[in-house]
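Worksheet: the structure to be examined is printed underneath.
Here is how names work: the chains are called A, B, and so on, in the same order as the sequence lines, proteins then strands, and each is numbered from 1. Excluded from the calculations below are hydrogen atoms, water molecules and symmetry mates; all remaining heavy atoms, backbone and side chain alike, are included.
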2 protein chains.
Amino acid sequence: MGLKEIAGELGLSLTTVSRALNGYPEVGIETRRRVLSAAERLNYRPNAVARRLATGRANAVGVVSPLSRRTLESPIVMDFLTGVSEKLAEDGLNLVFTQVQEGHEREGCESLIASGTVDGLILFSPLLEDERTASLAELDFPIVAHGRPLHGISVPSLSIDNYEAFRQAAGHLLARGHRRIGLLNGDERQSYAMDRLEGVKAALADAGEGELVLAAAGEMSFERGRDAVAQMLDRQGVGAVSKEVSGAEAPPTALLCSSILLALGAGRALRERGLEIPRDVSIIAHDDQVAALPPILAWPALTTTTSSIRAAGRRVAELLDARIRGEIAADHSEVWKADLVERESVRVLGR
Amino acid sequence: MGLKEIAGELGLSLTTVSRALNGYPEVGIETRRRVLSAAERLNYRPNAVARRLATGRANAVGVVSPLSRRTLESPIVMDFLTGVSEKLAEDGLNLVFTQVQEGHEREGCESLIASGTVDGLILFSPLLEDERTASLAELDFPIVAHGRPLHGISVPSLSIDNYEAFRQAAGHLLARGHRRIGLLNGDERQSYAMDRLEGVKAALADAGEGELVLAAAGEMSFERGRDAVAQMLDRQGVGAVSKEVSGAEAPPTALLCSSILLALGAGRALRERGLEIPRDVSIIAHDDQVAALPPILAWPALTTTTSSIRAAGRRVAELLDARIRGEIAADHSEVWKADLVERESVRVLGR
DNA sequence: CTGAAAGCGCTTACAG
DNA sequence: CTGAAAGCGCTTACAG
């Protein structure tokens with residue numbers, strides 16, 4: 001069931017059979033018909049490995065994602081991957097998935113590249129924001145990043161406008177009378193989290209009033225959301241929230257959360273202390289539109305800044321495809337706007 | 001930076017260089033040293049594609065997972081994948097990930113196999129339980145399944161003892177005075193869900209009392225959990241639950257849920273109607289120990305049957321490795337026991 | 001202990 | 001429109 005068998009069967013050369021199968025124009029119409037039907041009949045499947053070696057094209061792309069940090073965000077990674085693989089499947093490309101220990105991203109990429117098993121690489125968010133992996137951009141290999149690259153790296157990238165999304169979200173709260181705002185952010189060494197922090201600050205500056213009374217950064221897990229809020233409340237006194245004690249030491253009346261999971265954790269800490277959303281504390285969270293974690297998981301349903309991570313995955317795969325074909329430049333970058341979707345977790349404060 | 005360069009540099013043959021690099025014993029100690037240091041100096045990376053073609057070994061395994069049904073369970077798939085990829089990374093194997101449209105599992109597997117890019121295949125749960133993919137077992141290709149294969153297929157597999165887990169969970173409820181039990185199950189065409197249903201039935205039979213008053217099967221999402229319980233309550237009247245009206249038409253006092261997400265949805269439906277867990281309804285859910293979805297996501301924390309899907313992923317990868325090397329038989333199967341972990345979602349009913 | 005040569009299954013100039 | 005031949009970068013009998 002190799003090319004050779006077909007050629008033998010038909011009394012043709014390997015060359016002709018190969019060309020007929022690959023749709024080269026110079027093959028006679030009748031010859032092509034015969035080849036195609038023989039291939040069908042013999043259930044011929046080309047050996048991708050041999051083809052790779054001959055053409056130098058792997059027909060596969062790699063996705064590199066750091067292990068430990070990501071695990072807690074697994075639904076997000078998975079939805080991204082689903083988007084990527086949908087698009088790749090349409091184009092007949094394989095997806096080689098590599099999780100690497102944090103800090104070993106560079107090696108992971110290099111060995112994938114050197115092994116010749118991929119034509120291009122997708123970096124999931126934080127990678128390019130790590131100094132150690134910054135040099136990957138100079139590797140002269142097709143790479144597309146999800147996330148805004150730092151350090152002046154020029155890699156094609158797709159990111160969402162985190163700055164604007166969180167500026168708008170904070171503005172939304174300020175317009176509804178909130179003055180003490182908290183931010184439960186992701187790891188602020190990563191651009192998306194940095195941008196969100198800056199966005200919140202910008203909104204406060206624009207408004208000329210209000211302050212950021214809690215700014216926690218780190219892992220975006222349920223536990224951390226709960227712990228951060230619990231700590232704050234226990235330190236400042238639970239009563240402070242509902243009684244709206246003023247002053248710098250008073251807890252926030254509203255929380256911006258970088259993920260649904262973080263918001264769920266925050267909600268738990270509040271509820272454990274008898275506080276209610278949005279009566280006592282309002283919440284806006286960022287929603288990657290992960291099927292497994294809808295904003296209605298929270299009670300009440302969360303107001304969110306929304307952007308589909310799955311659609312982003314699709315688009316990143318498209319961009320990588322284009323990049324491999326040399327159709328887009330190394331500094332191509334796309335920025336998607338996130339939508340503010342109002343639900344039930346924000347209260348208008350009386351004056 | 002190929003073998004040829006090193007050979008040229010050192011005045012050795014390709015043969016010797018290749019053998020030195022691959023640790024063959026018949027190479028002179030001094031020769032090996034020189035080759036190794038030259039390889040290091042020239043930053044030699046073997047071309048995996050060429051090696052594949054020459055050896056017939058791909059040094060990669062494929063994971064095939066159906067697309068649509070899985071998306072809602074993405075954290076589970078992802079944690080499984082993480083387990084698999086951890087183990088594969090240790091062994092220097094690549095992971096080729098393929099999501100296929102439901103019903104196209106067979107094609108997905110076949111084309112991966114035919115392409116020669118993988119040495120073995122991992123089937124994620126439901127695959128082998130589909131008649132169309134049953135024939136894969138006869139393909140004479142190393143395959144390991146996660147889940148209990150149906151139809152007398154003999155593929156090495158790892159599964160958890162779903163029957164026993166749910167029998168025990170139902171027994172736990174029966175022992176605490178519950179007589180009307182509901183089951184929110186996954187798709188019962190799949191073995192894990194079938195087994196859970198049977199387990200519950202067995203417990204009821206053992207006890208000689210109690211009945212299954214709600215048995216819903218389908219997608220394991222938050223929405224479906226909520227809708228199934230909402231429908232039931234709205235049909236039978238909310239009051240019926242807390243007042244513990246007896247009779248066949250009365251709603252369950254306890255719910256067994258095949259996933260945390262399902263339990264969260266059920267909890268939502270209850271809360272929306274003013275019912276509380278476990279005061280009005282007790283819940284036990286199955287927990288795959290997915291980092292993103294801990295049982296404390298629910299309020300109160302859920303009592304669960306627990307088994308790590310990530311550890312299962314690791315083990316499945318190990319089994320596939322062994323299978324590829326011919327170390328285990330086609331009918332090798334492992335069954336893991338799930339642990340019943342008590343938390344706060346089960347109430348003892350007064351008599 | 002080392003090397004010349006064939007081969008893995010394709011693709012693709014090159015020649016006709 | 002078709003074919004003979006070289007080549008992709010390795011591995012591995014086989015011979016010495």
Given side chains that start at C-beta, do those of [X] and [Y] come closer than 4.5 Å, heavy atoms only?
X       : Y       : answer
L112(A) : L121(A) : yes
L95(B)  : T98(A)  : no
P142(A) : I324(A) : yes
L88(B)  : V84(B)  : yes

Mind checking side-chain contact (heavy atoms from CB on, under 4.5 Å) for R314(A) and listing every partner two or more places apart, or none if nothing turns up? E86(A), K87(A), E90(A)
Atom-to-atom span, [atom1] of [X] to [atom2] of [N] - whole angstrom:
X      : N       : atom1 : atom2 : result
K4(A)  : dG9(C)  : NZ    : P     : 7 Å
L3(A)  : dG9(C)  : CG    : P     : 11 Å
N59(B) : dT11(D) : CG    : C1'   : 13 Å

Once you measure the plane-to-plane angle for H146(A) and F124(A), does it fall in the parallel (<30°), tilted (30-60°) or perpendicular (>60°) bin? parallel
By the salt bridge (charged side-chain N to carboxylate O under 4.0 Å, His left out) test, which pairs, at least two apart or in different chains, include something from residues 27-39 of chain A? E30(A)-R33(A)
Per the salt bridge (charged side-chain N to carboxylate O under 4.0 Å, His left out) rule, what does the pair list look like for residues 9-19 of chain A, sequence neighbours excluded?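 Sorted result for residues 9-19 of chain A: E9(A)-R41(A).
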Donor + acceptor pair across side chains of S13(A), T16(A) (<3.5 Å):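 The answer is yes; a qualifying pair exists.
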Is the closest side-chain donor-acceptor distance between Q99(B) and S85(A) under 3.5 Å? yes
Considering only nitrogen or oxygen atoms on both sides, find all protein atoms under 3.5 Å from nucleotides 4-7 of chain D and state each distance.
from: dA4(D); atom 1: N7; to: T15(A); atom 2: OG1; distance (Å): 3.4
from: dA4(D); atom 1: N6; to: T15(A); atom 2: OG1; distance (Å): 2.6
from: dA5(D); atom 1: N6; to: T15(A); atom 2: OG1; distance (Å): 3.4

Between dC1(C) and dA5(C), how far is it from one P atom to the other, in whole Å? 24 Å
Heavy atoms within less than 4.0 Å of DNA chain C: which residues of [range] have one? Give them sorted by number.
range                     : answer
residues 20-27 of chain A : N22(A), Y24(A)
residues 28-52 of chain B : G28(B), T31(B)
residues 88-95 of chain A : none

With sequence neighbours excluded, what pairs up with [X] under the side-chain hydrogen bond (donor to acceptor under 3.5 Å, both in side chains) test?
X       : value
S157(B) : none
R325(A) : D321(A), E327(A)
S115(A) : T117(A)

Report, one line per pair, each donor and acceptor closer than 3.5 Å where one atom sits in a side chain of residues 53-63 of chain B; sequence neighbours left out.
from: T55(B); atom 1: OG1; to: R51(B); atom 2: O; distance (Å): 2.8
from: T55(B); atom 1: OG1; to: R57(B); atom 2: N; distance (Å): 3.0
from: R57(B); atom 1: NH2; to: D119(B); atom 2: OD2; distance (Å): 3.4

Contact under 4.0 Å: S18(B) side-chain N or O vs dT11(D) OP1/OP2: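 Affirmative; the distance criterion is met.
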Is the number of heavy atoms from other residues, nucleotides or ligands within 6.0 Å of CG (D140(A)) greater than 12?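 At most 12 heavy atoms, drawn from other residues, nucleotides or ligands, come within 6.0 Å of this atom.
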Can you give the dot-bracket line for DNA chain D, using ( ) for pairs inside the strand, [ ] for pairs that cross earlier ones, | for pairs with another strand and . for unpaired bases, where Watson-Crick and G-U count if both distances are under 3.5 Å? |||.||||||||.|||
